[in-house]
Amino acid sequence: KEDSETSIIIIQFLYGLSAMVLITTFYLEDIFRLMGVNNAFWVCAKYAPLYGYDILISSFVIMFVHNILVSRKTKYFLISSIIGLIASVLLNIIMIPKYGIIGGIFSVILVSLFSVSFTIFVSERLLKYKTIINYQIWIFILLSVLIIYGLNYNGYIESITLKTVVLFIYIIVVIMLDKYFVAAINWNKILMINK
C-alpha cells in the first residue's frame, strides 16, 4: 500500500527536533546554572547539542528502514552495521587525537550520515521502493542547524537577545518554507481551528 502520511509526520518531527536542538544549543548552559549544576559540568552544555544533532540524521531513516523490513532483506542491516563499525573505529582513531571531543562527536555524525545514505540507497535503488519525501528540507535543516551551532560555538551569538532572535528567525524561515514549498503541515486545518 502507498503511505502518504509517514513522510509528512517525519518532516514535522524534524521541524520540532531541529528547534529543540537549537534551544539546547543556545540555552543549555543557562539551564545548568538555574538548576545549580556544578560549574565543572557546564562545558557539557557546549558539546551536548552537537551530539543531539545526530537525531536529526538518524530519525530521517525510519521509512527506509521499514521498507527493508517489509522486503525481508534484513541482511542489509548487518552489512550497514559492519561497515559502520569499521568506519566508526577508523574515524575515532583519526579524529579524536586531532580534534578531541568534537572529533568524537563528528565521527558519530559521519557514521550516521553513512548509515542513513546506505539505508536510503538500499531501499530506493536496490529494493526499488519509491518513498516520497522532501530531501531538500531535510538537508536545509541539517545545514542550517549545524551553521547556527558553529556560530554559537565560536562565540558569534552570545547575548540571550541575539540567541532568541536567531531562534525565532529560524522558526519563521522553516514555517515559511513549509507553507510555500514543503506542505508538511496542513495550514488550512490550522486556520480553520483558529476561526
Side-chain angles (χ1 to χ4, degrees), residues 1-22 47-99 101-150 170 173-186:
K1 292 183 179 180
E2 186 175 314
D3 179 6
S4 59
E5 292 181 12
T6 307
S7 64
I8 291 170
I9 292 167
I10 298 280
I11 296 296
Q12 292 173 359
F13 188 56
L14 287 173
Y15 293 160
L17 283 176
S18 66
M20 287 193 294
V21 169
L22 287 179
Y47 301 109
L50 185 59
Y51 194 71
Y53 175 82
D54 182 58
I55 195 75
L56 295 174
I57 299 166
S58 56
S59 63
F60 187 75
V61 81
I62 294 169
M63 293 176 300
F64 306 101
V65 167
H66 183 268
N67 293 342
I68 295 171
L69 287 172
V70 167
S71 73
R72 298 183 184 192
K73 305 281 185 180
T74 54
K75 65 181 179 186
Y76 291 115
F77 294 139
L78 178 63
I79 294 167
S80 176
S81 295
I82 291 170
I83 295 170
L85 171 68
I86 294 167
S88 180
V89 169
L90 291 174
L91 285 169
N92 279 313
I93 288 171
I94 294 167
M95 295 180 80
I96 290 176
K98 193 169 186 175
Y99 302 108
I101 192 168
I102 290 287
I105 294 170
F106 268 111
S107 71
V108 169
I109 290 170
L110 291 173
V111 170
S112 289
L113 278 171
F114 162 77
S115 178
V116 168
S117 301
F118 181 79
T119 305
I120 292 170
F121 174 78
V122 168
S123 173
E124 303 298 299
R125 298 284 186 218
L126 298 181
L127 301 177
K128 306 294 185 200
Y129 283 95
K130 295 296 169 217
T131 306
I132 301 167
I133 193 162
N134 192 311
Y135 292 97
Q136 292 87 357
I137 193 67
W138 178 56
I139 292 167
F140 170 79
I141 287 171
L142 288 179
L143 291 176
S144 58
V145 169
L146 189 59
I147 289 167
I148 293 169
Y149 173 84
Y170 173 79
V173 167
V174 167
I175 288 170
M176 292 289 136
L177 285 172
D178 184 80
K179 184 169 172 64
Y180 295 109
F181 299 106
V182 181
I185 299 172
N186 187 343

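Start at 1 with the first residue, then count along the sequence.
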What closest approach, in Å, do [X] and [Y] show between heavy atoms, and which atom pair accounts for it?
X    : Y    : answer
V145 : S18  : CG2-CB, 3.8 Å
A184 : I8   : O-CG2, 2.9 Å
E124 : Y129 : OE1-O, 2.9 Å
M63  : I133 : CE-CD1, 3.0 Å
G84  : V111 : O-CG1, 3.8 Å
G104 : S107 : O-OG, 2.7 Å

To the nearest 0.5 Å, what is the distance between [atom1] on [X] and [atom2] on [Y]?
X    : Y    : atom1 : atom2 : answer
M95  : L110 : CE    : CG    : 5.5 Å
M20  : L56  : CE    : CG    : 9.0 Å
L177 : Q136 : CG    : CD    : 11.0 Å
I10  : W138 : CD1   : CH2   : 11.5 Å
I11  : F60  : CD1   : CZ    : 5.5 Å
I148 : L143 : CD1   : CG    : 11.0 Å

Counting N and O atoms only, with roles assigned by atom type, does the side chain of [X] sit under 3.5 Å from a partner on the main chain of [Y], one being a donor and the other an acceptor?
X    : Y    : value
N92  : S88  : yes
D54  : I109 : no
S112 : S58  : no
S117 : L113 : yes
Y53  : L142 : yes

Y76 and S71: side chain donor to acceptor below 3.5 Å =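 Judged by distance alone, the side chains do not pair up.
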
Is the [atom1] atom of [X] crowded by more than 12 outside heavy atoms at less than 6.0 Å?
X    : atom1 : answer
K98  : NZ    : no
Y135 : OH    : yes
F13  : CZ    : no

Could you go step by step and tell me if I141 and Y170 meet the side-chain contact (heavy atoms from CB on, under 4.5 Å) rule?
-> CA-CA 10 Å; I141 287 171; Y170 173 79; 3.7 Å; yes

Would you please name every residue forming a side-chain hydrogen bond (donor to acceptor under 3.5 Å, both in side chains) with N67, sequence neighbours left out?
->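 With sequence neighbours excluded, N67 shows a side-chain hydrogen bond (donor to acceptor under 3.5 Å, both in side chains) to S123, T131, given in chain and number order.
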
By side-chain contact (heavy atoms from CB on, under 4.5 Å), which residues pair with V61, not counting sequence neighbours?
->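 Testing V61 for side-chain contact (heavy atoms from CB on, under 4.5 Å), a comparison that skips the adjacent residues, returns F64, V65, V116, T119.
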
With I86, the side chain to side chain contact (heavy atoms under 4.5 Å, CB included) member among V89, I83, L90 |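 The residue from V89, I83, L90 that satisfies side chain to side chain contact (heavy atoms under 4.5 Å, CB included) with I86 turns out to be L90.
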
Single hit among I101, I105, V21 for side chain to side chain contact (heavy atoms under 4.5 Å, CB included) with Y51 =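 Answer to the side chain to side chain contact (heavy atoms under 4.5 Å, CB included) test with Y51 among I101, I105, V21: I105.
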
Show your reasoning for whether side-chain contact (heavy atoms from CB on, under 4.5 Å) applies to F106 and L91.
-> CA-CA 9 Å; F106 268 111; L91 285 169; over 6 Å; no

Do the non-hydrogen side-chain atoms of D178 and I137 ever get within less than 4.5 Å of each other?
->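 Side-chain contact under 4.5 Å: no.
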
Residues F181, N134; criterion side-chain contact (heavy atoms from CB on, under 4.5 Å); working and verdict | CA-CA 10 Å; F181 299 106; N134 192 311; 5.9 Å; no

Start with the C-alpha gap between L127 and K73, add the side-chain angles, then the distance that decides, and say whether side-chain contact (heavy atoms from CB on, under 4.5 Å) holds.
-> CA-CA 9 Å; L127 301 177; K73 305 281 185 180; 3.7 Å; yes

